Amino acid sequence: MEENLFVITDQPIHVEEVTKKVESRNAGAITVFIGTVRELTKGKKTLHLEYQAYPSMAIKMFQQIAKEIKEKWPEAHIAITHRTGRLEISDIAVVIAVSSPHRKIAYEANEYAIDRIKQIVPIWKKEFWEDGTAWIGDQLENVPYPSGKPVVKGGEKHD
């Protein structure tokens with residue numbers, strides 16, 4: 001079961017399936033974060049998005065996030081599913097479910113998870129706006145990926 005807690009998929013995400021992975025008789029709370037594609041970003045109208053990932057490394061980073069959460073909140077259980085491919089406005093891009101005996105832990109761990117996903121998971125997106133396109137590098141949107149791939153240390157780019 002552990003391997004199914006973290007998924008990268010090109011298929012639509014079913015929130016209830018992710019939530020069921022963390023259900024427990026000892027859970028007093030389950031928080032679910034649903035990241036969706038919004039139409040307006042910084043005043044620009046988005047037509048659709050395309051997500052790409054390095055799946056095996058993304059799963060490892062999801063596991064790393066789960067480990068960090070276990071260290072901070074030992075009673076929390078987490079499942080993460082992230083979608084890749086073309087997503088339309090309002091499509092679900094990511095679902096994070098966290099269960100714990102108490103709601104505060106579930107809320108805090110869930111927020112921690114999405115922040116860490118944006119920091120360390122190799123998933124990047126291409127924005128398709130009315131007036132053009134751009135690859136958005138890291139999910140914090142601090143690093144541009146003009147060629148659609150991250151720059152490797154030493155100056156070479158992935159092809």
Side-chain angles (χ1 to χ4, degrees), residues 1-24 30-70 76-99 106-107 109-153 156-159:
M1 277 297 178
E2 186 74 23
E3 69 276 359
N4 293 330
L5 293 175
F6 310 108
V7 175
I8 298 289
T9 181
D10 61 358
Q11 299 299 308
I13 300 171
H14 300 282
V15 176
E16 185 139 344
E17 288 178 13
V18 182
T19 304
K20 285 201 171 295
K21 294 177 181 179
V22 299
E23 286 181 351
S24 161
I30 297 175
T31 58
V32 178
F33 173 80
I34 305 169
T36 57
V37 177
R38 67 176 170 264
E39 185 171 46
L40 293 175
T41 301
K42 299 176 184 174
K44 291 182 119 179
K45 185 174 181 178
T46 299
L47 301 176
H48 64 273
L49 298 178
E50 179 185 330
Y51 282 97
Q52 292 189 1
Y54 178 8
S56 60
M57 185 56 72
I59 297 298
K60 286 181 182 176
M61 292 298 99
F62 288 163
Q63 292 167 339
Q64 172 64 36
I65 292 166
K67 181 180 173 205
E68 292 170 9
I69 285 174
K70 211 46 142 174
H77 299 282
I78 184 169
I80 304 169
T81 299
H82 202 296
R83 189 168 167 197
T84 57
R86 180 182 167 134
L87 279 72
E88 304 298 330
I89 303 302
S90 299
D91 280 352
I92 296 172
V94 62
V95 173
I96 303 167
V98 175
S99 68
Y107 278 121
N110 204 313
E111 182 177 23
Y112 180 86
I114 189 63
D115 289 344
R116 290 296 284 153
I117 287 170
K118 290 180 174 282
Q119 291 170 345
I120 68 170
V121 179
I123 297 172
W124 49 97
K125 68 181 175 184
K126 188 172 189 178
E127 295 258 7
F128 292 83
W129 298 299
E130 282 183 317
D131 61 350
T133 63
W135 280 101
I136 307 298
D138 66 338
Q139 290 200 48
L140 293 174
E141 301 185 12
N142 295 328
V143 180
Y145 289 2
S147 68
K149 303 286 182 186
V151 175
V152 175
K153 287 183 180 177
E156 294 181 24
K157 295 181 179 181
H158 291 285
D159 290 320

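Computed over heavy atoms, backbone and side chain alike; hydrogens, waters and symmetry mates excluded. Every value quoted in this text rests on a predicted model; they were computed, and no experiment measured them.
- To the nearest 0.5 Å, atom CD1 of residue Ile96 and atom CD of residue Glu111 are 10.5 Å apart.
- Under the ring-ring contact (aromatic ring centres under 6.0 Å, His included) criterion, Tyr54 pairs with no residue, sequence neighbours left out.
- Atom CG of residue Asp10 and atom CG of residue Leu87 lie 10.0 Å apart, to the nearest 0.5 angstrom.
- Looking at residues two or more places apart in sequence or on another chain, you find a ring-ring contact (aromatic ring centres under 6.0 Å, His included) between Tyr112 and Trp73.
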Could you please spell out the steps behind the side chain to side chain contact (heavy atoms under 4.5 Å, CB included) verdict for Thr84 and Gln52? CA-CA 5 Å; Thr84 57; Gln52 292 189 1; 5.9 Å; no
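- To the nearest 0.5 Å, atom CZ of residue Phe62 and atom CD1 of residue Ile117 are 5.0 Å apart.
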Working for salt bridge (Lys or Arg N to Asp or Glu O under 4.0 Å), residues Glu130 and Lys44: CA-CA 8 Å; Glu130 282 183 317; Lys44 291 182 119 179; over 6 Å; no
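- Of all heavy-atom pairs between Thr19 and Ala97, the closest is CA-CB, 3.9 Å.
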Quick one: do Leu49 and Lys126 satisfy side chain to side chain contact (heavy atoms under 4.5 Å, CB included)? Show the steps, please. CA-CA 6 Å; Leu49 298 178; Lys126 188 172 189 178; over 6 Å; no
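- When side chains are defined from C-beta on, Leu40 counts as touching Lys45, because their heavy atoms get closer than 4.5 Å.
- Residue Ile80 holds its CD1 atom at 5.5 Å from CZ of Phe6, rounded to the nearest 0.5 Å.
- For His48, the ring-ring contact (aromatic ring centres under 6.0 Å, His included) partners are Phe128, not counting sequence neighbours.
- For the pair Lys70 (side chain) and Ala76 (backbone), a donor-acceptor distance under 3.5 Å is present.
- Across every non-hydrogen atom of Ile65 and Ala113, the tightest pair is CG2-CA, 4.0 Å.
- Using a 4.5 Å cut-off on side-chain heavy atoms (C-beta onward), Thr81 and Lys21 make contact.
- Closest of all the heavy-atom pairs between Gln64 and Ile120 is CG-CD1, 4.2 Å.
- For the atom pair Asn110 CG and Ile69 CD1, the distance stands at 7.5 Å (nearest 0.5 Å).
- Of all heavy-atom pairs between Trp129 and Leu47, the closest is O-CD1, 3.6 Å.
- Residue pairs meeting the salt bridge (Lys or Arg N to Asp or Glu O under 4.0 Å) criterion with at least one member in residues 77-88, sequence neighbours excluded: Arg83-Asp91, Arg86-Glu88.
- Nearest heavy-atom pair, Ala53 versus Ile123, reported as atom, atom and distance to 0.1 Å: CB-CG1, 3.8 Å.
- Considering only heavy atoms from C-beta on, Ile78 stays 4.5 Å or farther from Leu5 through its side chain.
- Proximity of Glu39 to Ile89: side-chain heavy atoms (C-beta onward) are separated by under 4.5 Å at one or more points.
- The salt bridge (Lys or Arg N to Asp or Glu O under 4.0 Å) analysis of residues 59-68, with sequence neighbours excluded, yields the pairs Glu68-Arg116.
- A heavy-atom distance below 4.5 Å is not found between the side chains of Val98 and Val22.
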Could you go through the side-chain hydrogen bond (donor to acceptor under 3.5 Å, both in side chains) check for Glu127 and Thr46 one step at a time? CA-CA 7 Å; Glu127 295 258 7; Thr46 299; 3.2 Å; yes
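- A search for side-chain contact (heavy atoms from CB on, under 4.5 Å) contacts involving Glu23 returns Lys20, Ile30, not counting sequence neighbours.
- For the side-chain contact (heavy atoms from CB on, under 4.5 Å) with Val94, the qualifying choice from Ile114, Val121, Ile34, Thr36 is Ile114, the only one to do so.
- The aromatic rings of Tyr51 and His82 stand perpendicular to each other, their planes meeting at an angle above 60°, with 30° marking the opposite boundary.
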